[in-house]
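Written below as structure tokens is the structure these notes are about.
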Amino acid sequence: MGYVGPRDARDVVLEGLRRLEYRGYDSAGIAVVADGTLTSAKKAGKLANLEKVLADQPLPAATIGIGHTRWATHGGPTDRNAHPHLSADGTVAVIHNGIIENFAVLRAECESSGVEFTSDTDTEVTAHLLAAAYTALPEGPGRLAEAMRTVSRRLEGAFTLVATCVAEPDTVVASRRSSPLVVGVGDGEYFLGSDVAAFIGHTREALELGQDQVVEIDRTRGVTVTDFHGATVQPTAYTVDWDAEAAEKGGYDWFMLKEIAEQPRAIADTLLGRLGANGGLVLDEVRLSDQELRDIDKIFVVSCGTSFHAGLIAKYAIEHWTRIPVEVELASEFRYRDPVLDRSTLVVVISQSGETMDTLMALRHARDQKARVLAICNANGSTIPRESDAVLYTHAGPEVAVASTKGFLTQIVACYLVGLFLAQVRGVKYEDEVAAIVADLRRLPDAVAEVLAGMDAVRELARELADANTILFLGRHVGYPVALEGALKLKELAYIHAEGFAAGELKHGPIAVVDQGTPVIVVVPSPNSRESVHGKVVSNIQEVRARGARTIVIAEEGDEAVVPFADHLIRVPRLPTLLAPVVTVVPLQVLACEIADTRGLDVDQPRNLAKSVTVE
Ligand code: M6R
């Protein structure tokens, strides 16, 4: 977070950090320049710890400031490793996201010229280098920005750096390579933030920054953007389509509960304007020509975490509707195995934040290999859509809780849209077939609302399961990714060991861990699903029950076959098989959230996790 303007920078920066808390962090700090002095404060732990320090030793009122919440990479989450880092002479303060990969060489260089380091971070080296570069430059406007360009050219890795300097009390300068950074433009005031949440309380006008760019925000000169060599760049301006209220809890105990409740609206917004009146799809924003879409002969879906689970669900729908082979890959693995890609390959990258470094690197690899990249993304102005050939935005609104919920459901819906649009453009489905699926998509918001209305029993169940040591999740066909997602949610929120299995794999090993009382949650496919998958899963329920499992069964309305074998039965509305994950996952989101709450844990900011993983 950076600020230049007439208000008290201390308040603006701390408020910005509070709004960015959701991204996950383990220390925080702030620096301001006032009356010819640069002062800073930093502390390990949550922002409240920093605020205590500031209450004891207040910083002076100031009109420029920078602030940071750090998620430790190099060096533990201690006071000394917290940002900002100051140059040895105390004239320059720097905050940093990302990893400086060549920091060891640069550190040795600084040490050989007598600099003593005071932290274990990769970041500190940039403060010393900036001070040295600044001193070497002639006096004049834009000197800090020029020093930033000089230093940035020497850095390897991913970074957003934000710096302030005692000699330029009206200026904050930043630099970005592969890590997120956006500029907020207010009335006579300017902001920098990892995302727009940092300044949404003050302005909705934002500027996107590109790769390898330096931005200066200055009280009189305004915003200047250049590349690392000083050539002026015109940034892309956009207006954020949500306001500060959208990022408030709105009466809920947790952001996650609010975001779960928002899912019907988020799905409706994601469908809005994309379902044509004649029953077809209208995806004008997908900037790929019909010919390019017809030329595709292979699809990769690449993503991480929960977004990866959306990709697994996408595979079933896209292959079924288009008959194009689809492979789903973890972004962190994708480029390292040298996948076969060419001009007729479509790579669909899915990312709620649009900033996940693994996914970004996978997309760059795909584009280097001449594949077409289509991003499914929620965060407007983020890096992944900017670097993709085409983008389909989900309209979930800001997702603040670290655990993705409405982001996930809208990703699944966006994947359906992509699959169906491909089928429509390629003419592999008759118009009435597309129209029938579109009609089913229109039912999704109400179907999710119906599930949400019946969650009291799940809350009760959460209290019963809160002390479990391990919980298993089984699913088959599209229920398998749902099982994986249910297990991930439980792990990340409740810190309970949980595993998702393909139900058919049970007898090939996992059944050995089932013991007396082991909770096993089973996502049951529709009795109308193909090739008696339903019957096989019902058999799986009996198999685990026979070995002592406590069975928790998620099944559609009217499925009576499961009743005798379910210790707990959770009903969901009937939907076509491929669309069922949109409703079957909802009870699992609620369950994980409620178990974590019952265990007294921080549901919105689970330990060790960051909302947006911007390092590889
Ligand atoms: O922003 P992204 O969708 O790229 O994030 C991917 C994962 O980091 C994310 O889904 C993560 O698994 C969440 N904690 C899931 O709740």
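Atoms within a ligand are numbered from 1 in the order they appear, just like the ligands themselves.
Ion pairing between a basic and an acidic side chain is recognised when a charged N comes within 4.0 Å of a carboxylate O; Arg177 and Asp212 show such pairing. With respect to Asp269 and Arg265, a salt bridge is recorded, a charged nitrogen being found less than 4.0 Å from a carboxylate O. Using a cutoff of 4.0 Å between basic side-chain nitrogens and carboxylate oxygens, Arg23 and Asp195 are scored as salt-bridged. With respect to Glu399 and Lys406, no salt bridge is recorded, no charged nitrogen being found less than 4.0 Å from a carboxylate O. A salt bridge does not link Arg337 with Glu333: none of the charged nitrogens is closer than 4.0 Å to a carboxylate oxygen. The pair Arg367-Asp389 counts as a salt bridge, with a side-chain nitrogen and a carboxylate oxygen less than 4.0 angstrom apart.
The nearest non-hydrogen atom to atom 1 (O) of ligand 1, considering only Ser307, Ala331, Ser353, comes from Ser353.
For the pair Lys611 and Tyr25, the cation-pi test (distance below 6.0 Å, angle within 45°) is failed. Under a cutoff of 6.0 Å and an axis angle of 45°, Arg607 and Tyr495 form a cation-pi pair.
Given atom 15 (C) of ligand 1, the protein heavy atom at minimum distance is Thr306 OG1, 3.0 Å. Distance from atom 8 (O) of ligand 1 to its nearest protein heavy atom, with residue and atom name: Val613 CG2, 4.1 Å. Here the heavy atom of the protein found nearest to atom 7 (C) of ligand 1 is Cys304 O, 3.6 Å. At the top of the distance list for atom 2 (P) of ligand 1, counting protein heavy atoms only, stands Thr356 OG1, 3.2 Å.
For a threshold of 3.5 Å applied to N or O pairs, the pair formed by Thr359 and ligand 1 contains no separation below that value.
Short contacts between ligand 1 and Lys489, defined as distances under 4.0 Å to a heavy atom of the residue, involve ligand atoms 15 (C), 16 (O). For ligand 1, the atoms closer than 4.0 angstrom to any heavy atom of Ser404 are 15 (C), 16 (O). Taking every heavy atom of Ser351 and a limit of under 4.0 angstrom, the matching atoms of ligand 1 come to 1 (O), 2 (P), 3 (O), 4 (O). Within ligand 1, counting atoms from 1 as listed, the ones closer than 4.0 Å to a heavy atom of Glu492 are 13 (C), 14 (N), 15 (C), 16 (O). Which parts of ligand 1 touch Val402 is read off a 4.0 Å heavy-atom cut-off, strictly below it: atoms 13 (C), 14 (N), 16 (O).
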Which donor-acceptor pairs under 3.5 Å do the side chains of residues 448-455 make with protein atoms, sequence neighbours left out?
none

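Checked against salt bridge (charged side-chain N to carboxylate O under 4.0 Å, His left out), Glu499 has no partners two or more places apart in sequence or in another chain.
When non-hydrogen atoms are compared, ligand 1 lies under 4.0 Å from neither the backbone nor the side chain of Lys611. For Glu355, no heavy-atom contact with ligand 1 is shorter than 4.0 Å.
Proximity of Ser612 to ligand 1 is not established, as no heavy-atom distance is less than 4.0 Å. Ligand 1 is never approached by Leu609 to a heavy-atom distance shorter than 4.0 Å.
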